[in-house]
Every structure is written in C-alpha cells, then in structure tokens.
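For reference, the structure is listed below as structure tokens.
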2 protein chains.
Amino acid sequence: MTSSNRQFKDSLYEQLARIGKALASPIRLELLDVLSQGPRTVESIANEVNQSVANTSQHLQILRSARVIESERNGVNIIYRLADQEVLGLCGVLRRVGEARLLEVRQVTEAFLRERGALERTDNETLLERVRRGEVTVLDVRPTDEFLAGHIPGAISVPLSELEQKMADLPPDREIVAYCRGPLCVMSIEAVNRLNEKGYQATRWEEGVADWVARGFAIQTGAV
Amino acid sequence: MTSSNRQFKDSLYEQLARIGKALASPIRLELLDVLSQGPRTVESIANEVNQSVANTSQHLQILRSARVIESERNGVNIIYRLADQEVLGLCGVLRRVGEARLLEVRQVTEAFLRERGALERTDNETLLERVRRGEVTVLDVRPTDEFLAGHIPGAISVPLSELEQKMADLPPDREIVAYCRGPLCVMSIEAVNRLNEKGYQATRWEEGVADWVARGFAIQTGAV
DNA sequence: CTTATATTCAATTATTTAATTGAATGCTTG
DNA sequence: CAAGCATTCAATTAAATAATTGAATATAAG
C-alpha cells in the first residue's frame with residue numbers, strides 16, 4: 001500500500017476511534033441510555049446515574065466532542081439530547097452484541113431479573129404483534145416527560161408512581177401490556193407485579209421505545 | 001433507585017464498556033475492517049495494517065477478550081475471524097455514524113477520493129438495482145481469498161493485479177460495475193480507471209460485501 | 001448591582017492503555 | 001531431537017484517561 005493510502009487510513013481510523021472512545025466508558029454508555037429516553041438536564045442526568053455534576057458534565061463534553069449528543073441552553077439549564085437516530089441504533093447494536101457475545105452480560109442480567117421475579121421469558125414477538133393489532137391495553141410506565149418525548153402510539157401514560165391511583169381506571173377484563181425503558185429497567189417489572197396482585201392480567205413487554213423505533217415502527221410524541 | 005439496582009447498572013455497563021473499549025483504538029478498528037473481508041493470519045493482518053506482529057497480536061487479544069473476534073490454530077498459523085454478523089453490523093453502524101456526524105471523517109474521505117479522481121458521486125442505489133437485475137457485468141477486484149470468503153452472487157473474480165491479463169475476456173460492449181472492500185478501498189477506483197482507459201464502460205459501486213450483507217442480500221462463498 | 005443556581009473549566013493525582021523489545025511457547029520440518 | 005517459523009507473553013516506558021476539588025462562567029431573580 002502506498003504511503004499516501006497508509007496516511008489516509010491512519011487519519012480515517014483516528015477519527016472513527018473518537019466514537020469508539022466515546023463508548024469506552026461505563027458511565028458514558030449509561031449516559032447514552034438515559035438520553036435515549038429523551039432530552040434531560042445535567043443535574044437530572046447526574047442524579048439518574050449517581051455521579052457528581054462535574055463528572056457527569058465532563059463525560060457529556062466527551063460525548064458532545066464525538067458528536068453523538070447535542071446540547072442547547074434553556075435559561076440556566078443545559079439540555080442534552082442524542083444527536084440522531086443513528087446514534088440510538090449504535091447503542092442498540094452495542095448492547096445486542098454485548099448480550100449475545102459476553103457471557104458476563106447475560107449472567108448479570110439474569111441475576112437481575114431473577115431477583116425481581118421476572119426471569120420467565122414471555123414470547124416477546126407474539127406480544128409485539130398483539131400490541132400492533134390493538135388487542136391489548138398498552139401502558140407506558142415511564143415518567144411523563146419521557147412519555148411525551150416519544151411513546152408507542154395508543155399507549156396510555158401511567159407512570160409507576162401513579163399506578164395505584166390510576167389502576168381503577170383500567171378495564172378489568174382486558175389484557176394489559178406494560179413497557180418502560182428497556183429490558184434492564186425495573187419499572188415495568190414492578191408495574192406488572194402490582195397489577196397481577198390486584199387481579200389484572202398484565203404482561204411485561206421487555207423492550208423500550210428505542211427498540212420499537214429500531215424495528216422501523218413510528219412513535220407518537222406529545223400527550224396522545 | 002435502590003442500591004441493588006445501582007449495582008446492577010454499574011456491573012452491566014462495566015461489561016458493555018468492554019466492547020466500547022475494544023473499539024476505542026484506531027488500530028483495532030482497522031483490524032476489524034480487515035477481518036470483515038474474511039479470515040486472516042496474524043502476519044497477513046500485520047502487513048495489511050503496517051504494524052509489528054507483536055503489537056498486532058496484542059490488539060487481537062483485546063478484541064478476542066471482548067468476544068468480537070474468534071481464533072483457531074491452523075498449524076503454526078492462527079486464523080482470526082469476526083465473531084458474527086452482528087459484529088460486522090456494529091462496525092458498519094460506527095462507520096456510518098462517523099461519516100454522518102464527524103466533519104473530519106468527511107474531509108479526510110473527500111480528500112482521499114479527490115486525489116484519486118473518484119469524487120464524483122454515482123447514483124449508488126440505481127447501480128445496486130441494476131446489479132441485482134443482472135443488467136451489468138459485476139467484477140470483484142479484491143484478492144482471490146476475499147472473493148472466496150464471500151462475494152456478490154454472479155460477480156466475476158478479477159483481482160486488480162490480474163486485470164491487465166483478464167481484461168480481454170470481458171465483453172466489450174456490456175457495462176461493467178466493479179467493487180472491492182468498501183468506499184475507502186482504492187482497488188475498484190484503480191480498476192475502473194484502467195477499464196475506462198481501455199474503452200470499457202466501467203463504473204464503481206462504492207460499497208463492499210459487508211454493506212451488501214447489511215442490506216439483507218445473500219452472498220456466495222467459494223469459487224462461483 | 002448582588003446573590004443564587006446550574007454548569008463548565010482547570011489542575012492534580014491515580015489508573016489505564018499502548019508500543020517496544022526480548023523471551024517464551026507451540027507447531028512443523030528435517 | 002534440533003532448528004525454523006509464527007505467535008504470544010511479560011516487562012518497561014510513555015501517553016492517555018478518569019475522578020476529585022475548587023474556581024470560573026452564564027443566566028435569572030430580587
């Protein structure tokens with residue numbers, strides 16, 4: 001290979017490695033997951049991931065420098081968001097490769113689900129078909145701002161913290177499917193457990209909005 | 001969030017970051033690109049990326065530890081290969097995010113193509129359709145072992161080094177489309193330039209076999 | 001203009017990563 | 001069994017990365 005081709009390759013991979021480096025930190029991967037649910041402020045993100053605001057901010061600078069997130073000022077707050085759907089896809093692929101290839105990921109995940117009584121696999125694909133056909137009542141049990149940022153069309157927003165109050169409004173003889181942020185989020189596990197305790201017929205759809213989008217389906221923003 | 005949820009998240013992202021760290025090095029990204037064309041020995045890879053065998057081997061250990069590549073011994077040689085298609089997809093998504101989001105990637109790439117007289121964009125999608133309909137003669141100008149590892153069905157293997165000898169066998173009045181490893185490989189550029197100089201009507205399809213696979217199309221292995 | 005709040009920056013320290021070099025290991029051949 | 005070849009390992013050195021802490025900056029409110 002000529003030396004100018006060599007130089008070109010070196011430059012190109014140096015640049016692409018910026019994205020790899022952005023993904024090389026556990027904290028930054030969590031930041032990206034948090035942002036995949038919708039835009040947030042630094043303080044809110046820092047609380048979610050249990051890190052100092054300064055440390056969170058530094059990691060956000062690295063992600064922004066790699067152009068995988070963007071920011072805009074809103075008064076004293078800075079709102080961060082994922083740069084685009086392709087970045088969302090990148091996070092999804094990395095997680096799927098991790099789940100498929102790293103035994104440790106599966107071990108950690110199964111321990112997590114077993115502790116919460118959610119290890120039993122439902123038929124996720126059949127459930128998805130029934131959701132799409134409108135055969136079940138779909139609950140989004142994430143916080144309201146994440147629902148507003150984007151949700152499965154037809155889903156009802158019932159944040160976990162409001163489930164007790166709103167449970168009585170749910171049709172008692174219609175099957176319920178609850179989802180939240182994704183396979184590793186406990187909200188839908190908790191919601192399904194509570195609903196079934198009260199005699200509802202609830203099932204957890206273990207994916208999240210990002211997975212729905214990755215499947216090519218449209219989402220709804222705003223209140224409906 | 002309860003402390004056991006926090007611990008779970010910390011463990012999970014620690015594990016997923018192993019893959020991010022694997023991708024955080026320019027050399028390892030190039031190794032993955034090289035392996036996306038087919039399995040190779042350490043020495044052959046080291047030559048391709050212009051690194052020492054020891055350094056190449058160390059990076060390969062990191063990639064293997066992250067489970068994105070696999071190895072098998074073949075006498076004194078060790079053959080390395082990508083772990084599966086999902087890893088191929090991960091590399092593809094990372095490159096697309098880089099190309100879409102990092103101005104520097106586009107700058108480096110355009111300079112590279114301009115220097116080689118290949119900056120003019122052809123309509124890649126129309127070309128693909130014509131390839132799929134069998135309307136053109138398709139040449140794979142990569143080395144033979146990469147052709148054997150996997151190629152577009154119906155493509156003829158004409159490694160760049162053999163183009164002069166084999167050119168006379170090509171139908172003179174049928175349009176030719178040449179491809180190689182991907183947008184940043186010079187073989188198809190060189191091949192198209194030479195063919196057009198000799199009066200053939202040749203166009204470059206700038207993607208590679210990995211992109212063909214990412215589009216969901218089947219590839220052919222072996223000699224046909 | 002001053003104070004409060006949110007966020008970023010800079011310096012420091014500790015840890016991790018990367019390239020080099022020479023030794024060690026595994027397989028093949030004579 | 002010894003020599004050759006391919007590959008990996010280990011130690012060393014230098015560079016890069018990460019968390020903490022305190023200072024600096026930007027915006028809003030009184």
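By convention in this document, chain letters (A, B, ...) are assigned in the order of the sequence lines, proteins followed by strands, and residues within each chain are numbered from 1.
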*asked:* Can you pull out every salt bridge (Lys or Arg N to Asp or Glu O under 4.0 Å) where at least one residue sits in residues 73-88 of chain A? Sequence neighbours excluded, please.
replied: A:Glu72-A:Arg81, A:Asp84-B:Arg101, A:Glu86-B:Arg96

*Nearest of D:dT8, D:dA28, D:dG4 to any side-chain atom of B:Val42?*
D:dT8

*Carboxylate-amine/guanidinium proximity below 4.0 Å for A:Glu146 and A:Arg40*: yes

*Go through D:dT21, D:dA11, D:dT8 for me and flag the one nearest to the B:Gln58 side chain.*
D:dA11

_Nucleotide D:dC5, atom P - distance to CD of B:Glu43 in whole Å_ = 10 Å

*asked:* Just N and O in the side chain of B:Asn55: are any of them under 4.0 Å from OP1 or OP2 of C:dA19?
replied: yes

*Side chain of B:Ile78 only, please: which of D:dT8, D:dG4, D:dT20 is the nearest?*
D:dT8

*Taking only the side-chain heavy atoms of A:Arg28 (C-beta and beyond), determine which of C:dA10, D:dA18, D:dA6 contains the nearest atom.*
D:dA18

*Looking at the side chain of B:Arg73, which of C:dC27, D:dT8, C:dT20 is the nearest nucleotide?*
C:dC27

*Taking only heavy atoms on the protein side, list every residue of residues 60-69 of chain A lying under 4.0 Å from any atom of DNA chain C, sorted numerically.*
A:Gln61

_From C:dT7, D:dA6, C:dA18, nucleotide with atom closest to B:Val76 side chain_ = D:dA6

_Integer-rounded Å distance: D:dC5 P and B:Ile79 CD1_ = 19 Å

*Which nucleotide, C:dT20, D:dA18, C:dC9, lies nearest any side-chain atom of A:Ser25?*
D:dA18

*Mind checking whether B:Leu195 and B:Met167 have side chains closer than 4.5 Å, heavy atoms only?*
yes

